[in-house]
Amino acid sequence: MILCDNGLFTLHTKHTTYQMKANEYGVLLHTYYGPRVHDGDLSYLIRYIDRSFAPNPEEAGGSRLFSLDVMPQEYSSCGMGDYRLPSLELELPNGSRSASPRYKSFRVERGKYALEGLPAFRGAAEDETLVIILEDAAAQTDIELYYGVLEDYDVITRAVKVINRGSETVKLRQAASLCLDFQREDLDLITFDGKHVLERCPNRAPLVPGVRSVGSVRGTSSHQHNPFVILCRHDTSEDHGLCFGAMLLYSGNFEAAVERAQFDDVRLVLGIHPHHFCWPLAPGESFTTPEAALCCSKQGFSVLSHRLHRCIRERLLQNPWEKLPNRVLVNNWEATEFTFDAERLMQIAGSAAPMGIGLFVMDDGWFGARNSDTAGLGDWTVNSDKLPGGLESLVPRIKALGMDFGIWIEPEMVNEDSALYRAHPDWAFQIPGRPKVRGRQQLVLDFSRREVRDYIYQALKAVLSSADISYVKWDMNRSLATVWSAALPPEQQGEVYHRYVLGLYDMLDQMRRDFPQVLIEGCSGGGGRFDAGMLYYTPQIWCSDNTDAIDRLRIQYGTSFCYPVCTMGAHVSAVPNAQTGRSVPIETRGVVAMNGTFGYEMDLDQTTEEEKEIIRRQTAFFKEHCGLIQQGDYYRLSDPFQDAPYTAWEQVSQDRREALASVVFGMTHGAPPFLSLRFKGLDPELCYRVNGEGCFPGDVLMEAGWPLPLPWGDYQALQIYLSAI
Ligand code: DGJ
């Protein structure tokens, strides 16, 4: 619900309230964001006090009581006496770099706004949009702040459009998607950080004076930091306390910066990373930022995650379940890498089908001269030595096994050893006069250029049209460097990183429109581009190249704070694991991979009869419960980063009549203690069967718990299924 009253703007969702107010000088102040409260003007919380070294804007006349530097701003200025983090920076023709947005007008629209060429949460009839128009008079620029109110989800989305209304070019040096000020809160910041093969590990620390910033200048959202952060009170836990989640729907360079300023006031600024960014706006032109989304819970992280998960599932992902009902998959990468032919693939698929696996995905190596990572990228035609008769011959054979067919691509890349590079060396990012920077032996194509995208897309379209293909794994295996576009003049080179992302989205969108039946999985060396922007186009993303089940507990735990289970690509792979050398029982590997999209990456042709039987049971169990696993409310029952004897999590159906708890023990020690598991989220009044037996009241299972067996051997796992009677 949006209420507008004489410069006071209040947004209510079911359980939260967000408010801002334009004061007498036209400064849009942020008055409140938190649990839902009654209507009323909360600007009484903002005090007008003379603070030393806090400059006073000219509008305040002689008054020393008004300073931007000490008041909570809705969209912070730059160079005008607020020394905290800026949201907007404009370079005028005279070389000055500043911004001074002042309130101009507003409008309310039915439904939620959409952003052209950018991912955004989908709107529904019941949504509303508030647009507040600010203006920077000296820059003759309007700044439109967009707020989408997704009332039922407790999510508020934001985006900003900067419009040059003047007669001279203005350079946009920074345009954040979101600024969020807190007058005074003792807050912790949680960021989700890591590296290749260990992504999105939560790091929580109290804010100390100064700025803490995470982000990426790699051209992708990166393995190293995720465009999602949480701010919370020191005592907030899974079940209690105030917390705020902020995500950016963007897959390129980003920055999430949080400042604890001099009076312990806190500011979060989230948006495209200002480093490498400069966007000249000619008269009449506009720039729209990526969308950001906010969510708040006063009942701890579980509820925050439930709200975010539901909103992502229902308003961001494009109906993945309808496309492939049986999408337990097998992927040949870890079994074969580049060394395969049609018969070898048929062997794997032929073993997989009787085990209940419904999708075969052919990974890297099927095209051009791709026999190693040194050649072939860019040449998207089938390698007929490996696949005689092409996909036209292979795919019907796979389909005859009762399986769907999927294919791996890496459209954004080129090897120097390829026909494409030999024909168009200038299509790859390179800075004239500087040496090349290779990553995995490959260069990055300039996706800011339409002709480059068109060429790649036409080649891929021919492949995707040549056979009955249901699934595409879109990979991306290096960070960007030497970013310079041969197609843009010097003054526009600061646009290239963002134009690259827009080009990527454009091609993904085109593919989605041309092949609506195809489910696209995102991947960037595992989870190097796991963000809500990609999820809009690719409803699932390979979580990590690390398939070790014990490391995956951490990766999937961290990922789950923002992203729902159905988005996490997770497979069972062979042991000893290729990344860690660890051997984990196949039952445990199955339990962990089921907490995701579920599939197999190992050579199923090499499995024993006993393993085959276990796999058959796993696929049957997953198919029976995948609705609950992927769409139930998700509870993290323990933290795998703590030295706890087990890691556990649980899914509870929306009607609370079903639940599934999964438990993975760590290393075993002699004479282990008696352990039990306390369920969460059950209906205390209902009675549940535990694994089909008995009758246990919900409150008993939640308060007294359920005894766990004593583990025998390292890394054992079990699942406990509850169904209400
Ligand atoms: C990196 C991916 O994460 C792997 O799963 C695999 O597809 C390889 N690329 C193929 O080159």
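Only heavy atoms go into these numbers, but all of them, side chains included; no hydrogens, no water, no symmetry mates.
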Do S479 and R218 pair up side chain to side chain, a donor and an acceptor below 3.5 Å, judged on atom types alone?
yes

Would you call L502 and L118 a side-chain contact if the rule is heavy atoms closer than 4.5 Å?
yes

Indicate, with yes or no, if the rings of F598 and Y600 have centres closer together than 6.0 Å.
yes

With sequence neighbours excluded, what pairs up with R529 under the salt bridge (Lys or Arg N to Asp or Glu O under 4.0 Å) test?
E412

So does E491 pair up with K171, basic N to acidic O under 4.0 Å?
no

Using 4.0 Å as the upper bound for N to carboxylate O, is an ion pair formed by K386 and E343?
no

Please confirm whether the ring centroid of Y497 lies under 6.0 Å from the ring centroid of H276.
yes

Examine R582 relative to Y715 and say whether NZ or CZ is less than 6.0 Å from the centre of the six-membered ring and inside a 45° cone about the ring axis.
yes

Matching residue for M534 among S524, P119, S221, S251 - test: side chain to side chain contact (heavy atoms under 4.5 Å, CB included):
S251

Between N477 and Q442: side-chain donor-acceptor atoms closer than 3.5 Å:
no

Compute both the distance and the angle, then confirm whether R552 meets the cation-pi test with Y557: under 6.0 Å from the six-membered ring centre, within 45 degrees of the axis.
no

Could you check F340, F338, W542 and say which one makes a ring-ring contact (aromatic ring centres under 6.0 Å, His included) with W333?
F338

CD-CZ distance between E521 and R327, expressed to the nearest 0.5 angstrom
9.5 Å

Does a side chain donor of either R453 or Q510 reach within less than 3.5 Å of an acceptor in the other side chain?
no

E291 meets the salt bridge (Lys or Arg N to Asp or Glu O under 4.0 Å) criterion, sequence neighbours left out, with K112

H498-Y250 aromatic ring centre distance below 6.0 Å:
yes

Charged N-O contact under 4.0 Å between R512 and D509:
yes

Could you state the interatomic distance from CG (D193) to OG1 (T191), rounded to the nearest 0.5 Å?
3.5 Å

Inter-residue atom distance L445.CG - L504.CG, 0.5 Å rounding
12.0 Å

Of D417, D379, D364, N383, which meets side chain to side chain donor-acceptor pair (under 3.5 Å) against R370?
D364

Spacing of I407 atom CD1 and I469 atom CD1 [to the nearest 0.5 Å]:
4.5 Å

Below 4.0 angstrom, N of the basic side chain to O of the carboxylate: do R449 and D454 qualify?
no

ring-ring contact (aromatic ring centres under 6.0 Å, His included) partner of F277, chosen from Y500, F254, F287
F287

cation_pi(R200, F530) dist<6.0 Å, angle<=45
yes

Does a donor on one side chain sit under 3.5 Å from an acceptor on the other, for S372 and T374?
yes

Does D468 pair with K399 as a salt bridge, N-O distance under 4.0 Å?
yes

For N332 and D363, does a side-chain donor sit closer than 3.5 Å to a side-chain acceptor?
no

Separation between CG (L85) and CG (L270), nearest 0.5 Å, reads 11.5 Å

Looking only at side-chain N and O atoms, does Q347 offer a donor or acceptor that is under 3.5 Å from a partner on R344?
yes

Is the number of heavy atoms from other residues, nucleotides or ligands under 6.0 Å of R434 CZ greater than 12?
no

Taking 4.0 angstrom as the limit, do K436 and E416 come out as a salt bridge?
yes

In short, ring pair (Phe, Tyr, Trp, His ring centres under 6.0 Å) pairs touching residues 449-474 with sequence neighbours left out are W427-Y455

